[in-house]
Amino acid sequence: MHVCLELNYSSFHVAGDAGSVYFGPNHPMKPHRLCMTHHLVLSYDLHKKMEIYRPHKAYPVELAQFHSTDYVEFLHRITPDTQHLFSDELAKYNLGEDCPVFDNLFEFCQIYAGGTIDAACRLNNHLCDIAINWAGGLHHAKKCEASGFCYINDLVLGILELLKCHSRVLYIDIDVHHGDGVEEAFYFTDRVMTVSFHKYGDMFFPGTGDAKEIGEREGKFYAINVPLKDGIDDSSFTRLFKTIISKVVETYQPGAIVLQCGADSLAGDRLGCFNLSIDGHAECVRFVKKFNLPLLVTGGGGYTKENVARCWAVETGVLLDTELPNEIPENDYIKYFGPDFSLKIPNGHIENLNSKSYLSTIKMQVLENLRCIQH
Ligand code: TV7
Ligand code: CA
Ligand code: ZN
């Protein structure tokens with residue numbers, strides 16, 4: 001198995017690298033988690049088992065393959081110093097508290113989007129079987145606006161690239177939030193099937209992702225939503241995931257898979273409300289790898305950054321068929337992983353509100369919709 005990793009940040013703090021930007025005080029999104037992930041990957045010597053590339057910075061015209069030119073140009077132009085002159089545009093493009101304007105914002109977008117585009121191109125050219133971009137996975141961004149910490153939708157851009165070589169692409173999203181931007185981009189087509197597992201209800205962001213949202217027109221039955229309640233645990237989640245994804249792959253027969261691995265579905269996440277362990281989360285990655293289809297893996301959410309780095313390092317290992325010893329090897333970032341320096345994260349203690357009957361209803365509903373597809 002040939003695995004490629006996009007390196008989106010330097011080990012030094014070069015301004016504008018994806019790992020060194022700062023969303024602002026108290027903002028939950030901490031790109032520094034990318035540096036932490038990379039140091040863990042290096043400390044476990046995983047770089048020796050794969051190729052590591054520095055992605056190109058996506059050009060504005062590449063970003064405009066999905067986004068409107070005026071939105072891309074605005075992101076390019078706006079800076080923290082000039083934003084007070086553009087209050088109408090800021091509102092129009094939904095820039096503000098969740099999606100602040102910060103230093104090197106556009107370069108950050110170019111780097112994480114460039115990583116996902118490069119990953120898709122390498123898969124298309126058979127240069128690897130699995131391509132990873134932990135800086136990508138910003139699934140909420142819309143054609144003409146930012147949303148939920150996401151400015152450019154790298155996943156949509158990566159899928160558009162894969163569609164140049166594959167008739168059907170499967171998108172799977174295990175971030176705790178609904179993958180609304182990717183779903184919306186492909187809501188009317190049968191060439192992309194989107195499947196999102198997420199918390200739904202109690203006004204949880206973004207508020208969409210009901211099981212009844214299934215796509216429209218040509219796209220009817222090609223959007224799948226698995227709405228979950230607080231506190232879901234490893235055994236219920238992985239069982240549901242495997243049942244649904246096996247049936248999806250069997251029915252849809254995709255030529256390539258894009259897997260968004262948002263780590264905010266882990267127990268103890270600052271914004272999430274699930275009880276998944278890293279083993280449970282990684283089990284989903286292992287399961288998807290087993291289909292042996294061209295696989296593009298991205299990051300996404302994840303707000304307890306020591307856990308995010310642990311999770312993505314373990315998943316890099318899974319994709320390389322390498323089990324990581326529990327004790328974290330010495331590295332420049334070791335201080336973040338104390339006091340125990342282990343890969344395990346504390347168990348979640350959120351009450352599991354997903355009853356057996358609730359989960360079985362959701363599962364039946366999804367499987368019934370899948371039966372309406374015939375290839
Ligand atoms: C993919 N939740 C992204 C997930 C995006 C979630 C939200 C915050 C938040 C923003 C802050 C902040 C926060 C502690 C948490 C309705 C609102 C409520 C802004 C304060 N602290 C992903 C987006 C979600 C910003 N947004 O899927 C600055 O929490 O719920 C909302 C919207 C309006 C705006 N306010 C929050 O994981 C990457 N935001 C502190 C400072
Ligand atoms: Ca999701
Ligand atoms: Zn999320």
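Counting starts at 1 for both ligands and their atoms, following the listed order. Being a predicted model, the structure only gives us computed values, none of them experimental.
Looking at Val176 against ligand 1, nothing comes within 4.0 Å, counting heavy atoms. Residue contacts with ligand 1 for His27 involve both N, CA, C or O and side-chain atoms from C-beta outward (heavy atoms, distance under 4.0 Å). By the criterion of a heavy-atom distance under 4.0 Å, neither the backbone nor the side chain of Phe23 is placed next to ligand 1. Heavy atoms of Pro100 found under 4.0 angstrom from ligand 1: none, in either backbone or side chain.
Here the angle at the Zn ion (ligand 3) defined by OD1 in Asp175 and OD2 in Asp264 stands at 100°, rounded to 10 degrees.
Residues Glu213 and His178 meet the side-chain proximity criterion, which asks for heavy atoms closer than 4.5 Å. Residues Met193 and Arg168 have side chains not in contact (no heavy-atom distance under 4.5 Å, counting atoms from C-beta outward). Within the 4.5 Å cutoff, no side-chain heavy atoms of Glu351 are placed close to those of Asp230. For the pair Glu62/His56, a side-chain contact is recorded, criterion being any heavy-atom separation below 4.5 Å from C-beta on. Side chains of Glu315 and Cys261 form a contact here, defined as non-hydrogen atoms less than 4.5 Å apart. A 4.5 Å side-chain heavy-atom check between His281 and Ile345 finds every atom pair outside the cut-off.
At least one heavy atom of Met29 sits less than 4.0 Å from an atom of ligand 1.
Shortest distance from the Zn ion (ligand 3) to His177 is reached at ND1 (N/O/S atoms only).
The ring of His39 has its center no closer than 6.0 angstrom to the ring center of Phe337. Checked against the 6.0 Å centroid threshold, Phe204 and Tyr200 do not count as a close aromatic pair. Phe149 and His27 have their aromatic ring centers within a separation under 6.0 angstrom. For Phe197 and Phe274, the ring centers sit 6.0 Å or farther from each other.
Short contacts between ligand 1 and Asp264, defined as distances under 4.0 Å to a heavy atom of the residue, involve ligand atoms 37 (O). With ligand atoms numbered from 1 in the order given, ligand 1 contributes 2 (N), 14 (C), 15 (C), 29 (O) to contacts under 4.0 Å with heavy atoms of Leu271. Remark: ligand 1 atoms within the under-4.0 Å shell around heavy atoms of Asn26 are 12 (C), 40 (C), 41 (C).
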Please walk me through it: do His67 and Tyr93 pass ring-ring contact (aromatic ring centres under 6.0 Å, His included)?
-> CA-CA 11 Å; His67 296 282; Tyr93 298 125; over 10 Å; no
**OP:** Please step through ring-ring contact (aromatic ring centres under 6.0 Å, His included) for the pair Tyr171 and His139, ending with a clear verdict.
**Re:** CA-CA 11 Å; Tyr171 172 71; His139 58 179; 7.7 Å; no
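Separating the CD1 atom in Ile132 from the CG atom in Leu319 is a distance of 4.5 Å, to the nearest 0.5 Å.
Checking atom 16 (C) of ligand 1 against the protein gives no heavy-atom contact under 4.0 Å.
Of the candidates Phe149, Tyr303, Phe205, Phe205 brings a heavy atom nearest to atom 30 (O) of ligand 1. Around atom 26 (N) of ligand 1, the closest heavy atom drawn from Leu138, Asp173, Asp98 belongs to Asp98. Ranked by closest heavy atom to atom 27 (O) of ligand 1, the top entry among Met203, Gln260, Arg270, His140 is His140. Nearest-heavy-atom check against atom 12 (C) of ligand 1 across Cys150, Pro28, Gly272, Pro206 picks out Pro28.
Listed by chain and number, the protein N, O or S atoms at a distance under 3.0 Å from the Ca ion (ligand 2) are Asp173 OD1, Asp175 O, His177 O, Ser196 OG, Phe197 O.
Distances from the Zn ion (ligand 3) show that His139 has no N/O/S atom below 2.8 Å.
Atom 1 (C) of ligand 1 has His139 NE2, 3.4 Å as its closest protein atom, hydrogens excluded (heavy atom only).
Residues passing the ring-ring contact (aromatic ring centres under 6.0 Å, His included) test with Phe86, sequence neighbours excluded: Phe74.
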